[in-house]
Number of protein chains: 2
Amino acid sequence: MAQSDTVDRILDAAEELFAERGFSETSLRMITSKAKVNLAAVNYHFGSKNALIHAVFARFLTPFSATLETAFDDLEERCDGNPPTLNQTLWALTESAIRMPQRNERGISIFMRLLGLAYTQSQGHLRKFLEQEYSQPFGRFMRLLKEATPELTAVDRYWRIQFMLGATAFTMSSSDALRDILQNKLGVETSVQEIAARLVPFLAAGMQAPDKLLTPPPESKVSVA
Amino acid sequence: MAQSDTVDRILDAAEELFAERGFSETSLRMITSKAKVNLAAVNYHFGSKNALIHAVFARFLTPFSATLETAFDDLEERCDGNPPTLNQTLWALTESAIRMPQRNERGISIFMRLLGLAYTQSQGHLRKFLEQEYSQPFGRFMRLLKEATPELTAVDRYWRIQFMLGATAFTMSSSDALRDILQNKLGVETSVQEIAARLVPFLAAGMQAPDKLLTPPPESKVSVA
DNA sequence: TGGGTCTTCAAACGTATGTTTCAAACAGAC
DNA sequence: GTCTGTTTGAAACATACGTTTGAAGACCCA
């Protein structure tokens, strides 16, 4: 009880601060004082700051990857035999993320922001940790994408997947800020669910765009030369 | 001569290290030792580490924004009266970036990566600096996008622009790594120009995707309930 | 109640950071 | 050649960091 309380308080504080400020910009002292916990508790319970970062990710990524696996199972069963479509695959992922049990209303934003940070902040140890812990659902998602876009060459698919990941990671990682901006500019409230509902069609359309050769630069100095 | 040599050496080293490792992960000592320059030189010439970051951005962003303005001038002149299309606008931006005079062959990658970092690393001072220095070309780009997509609602356009920025910033900011991965996986070499040639159609297609209501989640627990 | 383990705490450790200091070296003008 | 302002240099500054220490406290089962 006492232990898990301290551990959870540290994880909660770390999660929030990491999402707000990034990893290297967040010190253990910030975390422990926000968690109202002694500084040494982090090293006692987790061993190091890097291990704490891993624990923060594991806490939401492990249940998420389980949810995702069953969502993919359901999807493939429903399609029995036929490969799921691109839209179905993207929605399976999106819904798994959205429907995850949240600790609080900002849960999804934090979750997304941390994923985005993991992708962009060049923390070698984190990338290695995520790769060896969660390669299975990631690989399965990639396989589904491949089967859903048989018309693409491997190279085209590779780059378009990167574009999709980028659009998602960036948007979600700053979704709070972007929502605030929109609120100020147009007076519109937006939920994470609505962002996802706009993102998925954008990604699907980009993924299925006509071949690059069909839309070269218009009459310009480059193509004329 | 002596001064500008030291200043440039600092800027070169800082640019490269910032692009490689991020801002807070790069110390002044790393920079000065890579530049073969005394530690105090940074504070002497720039005043502070933050000011150095600003200088790094200003060195490539100022000529770039000039190039971009004339590219937009050319484009609008060629279209006389009519608003440029989405493709034309995106290509004007892309070509301005690609055709910038580079200090070396990695110039574009560094340029892109720094822009991506500016977007993701939550460096308040940097965002403020960029906003007040380069709001004009950015605003003009936004205006062109708006005129090129009159069919979109303001809210839809807002989000789709964020998706575009995300896909671009992310891809370009890790373009070196992504190119290496592709080289290892499929044995394919890719230039930054080719990435751009694939990215623009992806973005244009996403931007012009059918309305979000037309592609709701397929038959799933959510939409059924 | 006592003994052993797990947990907390205040304090200190060593290292790295951004910044400052001030004397030495240098430049160009007279 | 000397003087003036600019630039470099080695060293130190204060501060913040992640981590370790060892004693005090809390807890649980015998």
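Computed over heavy atoms, backbone and side chain alike; hydrogens, waters and symmetry mates excluded. Here is how names work: the chains are called A, B, and so on, in the same order as the sequence lines, proteins then strands, and each is numbered from 1. Since the structure is predicted, the reported quantities are computational estimates derived from the model, not experimental observations.
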request  = Please check if the side chain of A:Arg157 supplies one atom and the backbone of A:Thr149 the other of a donor-acceptor pair under 3.5 Å.
outcome  = yes
task = Side chain of B:Ala40 only, please: which of C:dT8, C:dT21, D:dT20 is the nearest?
result = C:dT21
Check: protein-nucleotides 14-18 of chain D nitrogen or oxygen pairs below 3.5 Å:
{"residue": "D:dC17", "atom": "OP1", "partner": "A:Ser27", "partner atom": "OG", "Å": "3.2"}
{"residue": "D:dG18", "atom": "OP1", "partner": "A:Lys49", "partner atom": "NZ", "Å": "2.8"}
{"residue": "D:dG18", "atom": "OP2", "partner": "A:Leu28", "partner atom": "N", "Å": "2.8"}
{"residue": "D:dG18", "atom": "N7", "partner": "A:Arg29", "partner atom": "NH1", "Å": "2.7"}
{"residue": "D:dG18", "atom": "O6", "partner": "A:Arg29", "partner atom": "NH2", "Å": "2.8"}

Would you mind writing out the side-chain donor-acceptor pairs for residues 161-168 of chain B within the sub-3.5 Å range, not counting sequence neighbours?
{"residue": "B:Gln162", "atom": "OE1", "partner": "B:Tyr119", "partner atom": "OH", "Å": "3.2"}
{"residue": "B:Thr168", "atom": "OG1", "partner": "B:Met164", "partner atom": "O", "Å": "2.8"}

ask   = Side chains of A:Leu28 and A:Asn43: does their closest heavy-atom pair fall under 4.5 Å?
value = yes
query = Is any side-chain N or O of A:Thr6 closer than 4.0 Å to OP1 or OP2 of C:dT7?
reply = no
request  = Might you confirm whether atom CD of A:Gln132 has over 12 heavy atoms from other residues, nucleotides or ligands at distances under 6.0 Å?
outcome  = yes
request  = Would you tell me if any nitrogen or oxygen in the side chain of A:His45 comes within less than 4.0 Å of OP1 or OP2 on C:dC6?
outcome  = no
query = What is the distance from CZ of B:Phe46 to C1' of C:dG18, rounded to the nearest Å?
reply = 15 Å
message = Can you give me the bend angle of the helix from C:dT1-D:dA30 to C:dC30-D:dG1? Use the axis through the first five pairs and the one through the last five, nearest 10 degrees.
response = 10°
note = When rounded to whole Å, the NZ to C1' distance for the pair A:Lys36 and C:dT8 reads 17 Å
Greater than 12 external heavy atoms within 6.0 Å of B:Gln136's CD = no
ask   = What's the spacing between A:Glu16 CD and A:Arg113 CZ if we round to 0.5 Å?
value = 13.0 Å
key: A:Asn38 CG to C:dC9 P, straight-line distance once rounded to whole Å   = 5 Å
ask   = Just how far, in rounded Å, is P of C:dA23 from OH of B:Tyr44?
value = 17 Å
query = Do A:Leu126 and A:Asn50 come close enough that some side-chain heavy atom pair is under 4.5 Å?
reply = no
ask   = Whole Å only: how far is the CD1 atom of B:Ile53 from the C1' atom of C:dG18?
value = 12 Å
ask   = Among B:Arg59, B:Lys34, B:Lys36, whose salt bridge (Lys or Arg N to Asp or Glu O under 4.0 Å) with B:Asp12 holds?
value = B:Arg59
request  = Look at the aromatic rings of B:Phe129 and B:Tyr134 and report parallel, tilted or perpendicular, splitting at 30° and 60°.
outcome  = perpendicular
